[in-house]
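Ligands are counted one by one from 1 in listed order, and the atoms in each one are counted from 1 as well. Note that these values count all heavy atoms, side chains included, but never hydrogens, waters or copies made by symmetry. On a predicted model such as this, the values are computed, not experimentally measured, just so you know.
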Amino acid sequence: MGVSLHLCQAGPASCGACCGQYNFADHSREAVTSELRRHTRALAEVPRTREAFAEAARALKAAAPSPLFPLVRTCPLLGFLDAAETRVGCLAHPLVTGGPDLRDCGVYTADTCETFTCPSFIWLDDGLAGLVRDACADGYVYGLVVTDVEYVRGALDLLTRALCRPVTAEELRQKALPEMAALLRLKADAPGRPAAGRVFGRFEHTGGEEPVLRTLDARALGCAPAPEDTLVLCLGYAPDSSEALEAARAVVRGAVSSVVAVLEGEGTCRA
Ligand code: SF4
Ligand code: SF4
């Protein structure tokens with residue numbers, strides 16, 4: 001296991017999750033875009049010097065929304081790399097400034113920024129990473145998906161179950177990319193989830209500094225556990241009734257069925 005692709009800037013896909021891209025109670029596309037746009041516009045006119053960037057970073061940070069998880073830093077130097085706002089990245093990186101490395105003006109040292117790799121570099125392989133890159137080339141969706149290995153692997157597990165045979169990332173990329181994109185994109189657009197609040201995917205802010213891993217007790221809601229429940233949690237659903245749980249499962253099942261329908265005839269166990 002392990003990936004050789006550069007996950008952070010992977011062709012058309014880009015991520016800034018470890019720079020705090022989503023670390024706000026309201027981490028909707030609109031809110032995240034608005035914050036990144038604020039950084040980008042403010043830094044566009046700032047001279048490429050340490051003093052000027054540090055001062056601009058302080059001002060941006062002072063006006064930023066509170067982080068959802070206080071222990072996870074949110075960097076004011078993260079922004080959009082292109083005018084169309086499709087690529088997310090570090091505005092203090094030498095390739096972006098045109099020379100000086102100004103990453104020390106952010107929330108970590110430049111060395112930390114340069115060398116950090118998130119757990120996805122270990123837990124994804126090139127096949128899965130390539131699938132996510134090709135299915136989620138969107139500056140908001142990609143970071144949500146590429147950092148949630150449990151969701152990606154859980155999606156493949158559900159497909160394997162439904163098809164009664166192993167399914168590979170390469171097969172999905174070749175034969176069902178739009179449908180797979182819709183399944184992965186649920187991380188960004190699954191309906192019926194709580195609006196801005198304390199939940200981010202599998203994690204929750206319970207008042208402490210660190211994210212707390214959530215669990216789902218289906219039996220307490222009057223339901224038997226189901227294979228979809230991992231994805232239900234990863235999507236940020238927090239069902240408080242059997243109806244809410246079944247509705248969330250139905251969203252997952254619908255997207256899985258669309259992939260299966262395309263692959264049917266390749267060897268499915270469905271009647
Ligand atoms: S969260 Fe992972 S993939 Fe995303 S920018 Fe950080 S190291 Fe790269
Ligand atoms: S300075 Fe570091 S933490 Fe800030 S956006 Fe750049 S890479 Fe991310």
Take Tyr22 and Tyr140 through the test ring-ring contact (aromatic ring centres under 6.0 Å, His included) and record every step on the way to the result.
CA-CA 9 Å; Tyr22 308 104; Tyr140 179 72; 5.8 Å; yes
Steps toward salt bridge (Lys or Arg N to Asp or Glu O under 4.0 Å) verdict (Arg219, Asp217):
CA-CA 6 Å; Arg219 293 190 197 286; Asp217 186 352; over 6 Å; no
N/O/S from Cys90 sitting under 2.8 Å away from atom 6 (Fe) of ligand 2
yes
I'd like to check which ligand 2 atoms, numbered from 1 as shown, lie under 4.0 Å from a non-hydrogen atom of [X].
{"X": "Cys113", "value": "1 (S), 2 (Fe), 3 (S), 7 (S)"}
{"X": "Leu78", "value": "5 (S)"}
{"X": "Arg103", "value": "1 (S)"}
{"X": "Tyr108", "value": "3 (S)"}
{"X": "Leu77", "value": "5 (S)"}

Is Cys18 close enough to atom 2 (Fe) of ligand 1 to have an N, O or S atom under 2.8 Å?
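Checking Cys18: none of its N, O or S atoms is under 2.8 Å.
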Ion pair [X]/[Y], N-O distance below 4.0 Å:
{"X": "Arg173", "Y": "Asp134", "value": "yes"}
{"X": "Glu228", "Y": "Arg161", "value": "no"}
{"X": "Arg29", "Y": "Asp138", "value": "yes"}

Would you mind listing which atoms of ligand 1 come within a distance below 4.0 Å of any non-hydrogen atom of [X]?
{"X": "Leu7", "answer": "3 (S)"}
{"X": "Ala17", "answer": "1 (S)"}
{"X": "Cys118", "answer": "1 (S), 2 (Fe), 3 (S), 7 (S)"}
{"X": "Thr147", "answer": "1 (S)"}

Where Ala56 and Val46 come nearest, the two heavy atoms and their spacing
CB-CG2, 3.8 Å
Which pair of heavy atoms, one from Leu68 and one from Gly197, lies closest together, and at what distance?
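That would be CD1-O, 3.4 Å.
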Atom OG1 of Thr40 and atom CD of Glu85: how far apart are they, to the nearest 0.5 Å?
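It comes to 7.0 Å.
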Please write down residue, atom name and distance for the protein heavy atom closest to [atom].
{"atom": "atom 5 (S) of ligand 1", "result": "Cys15 O, 3.3 Å"}
{"atom": "atom 4 (Fe) of ligand 2", "result": "Cys75 SG, 2.3 Å"}
{"atom": "atom 8 (Fe) of ligand 2", "result": "Cys19 SG, 2.4 Å"}

Are there more than 12 heavy atoms of other residues, nucleotides or ligands under 6.0 Å from atom CD of Glu45?
no
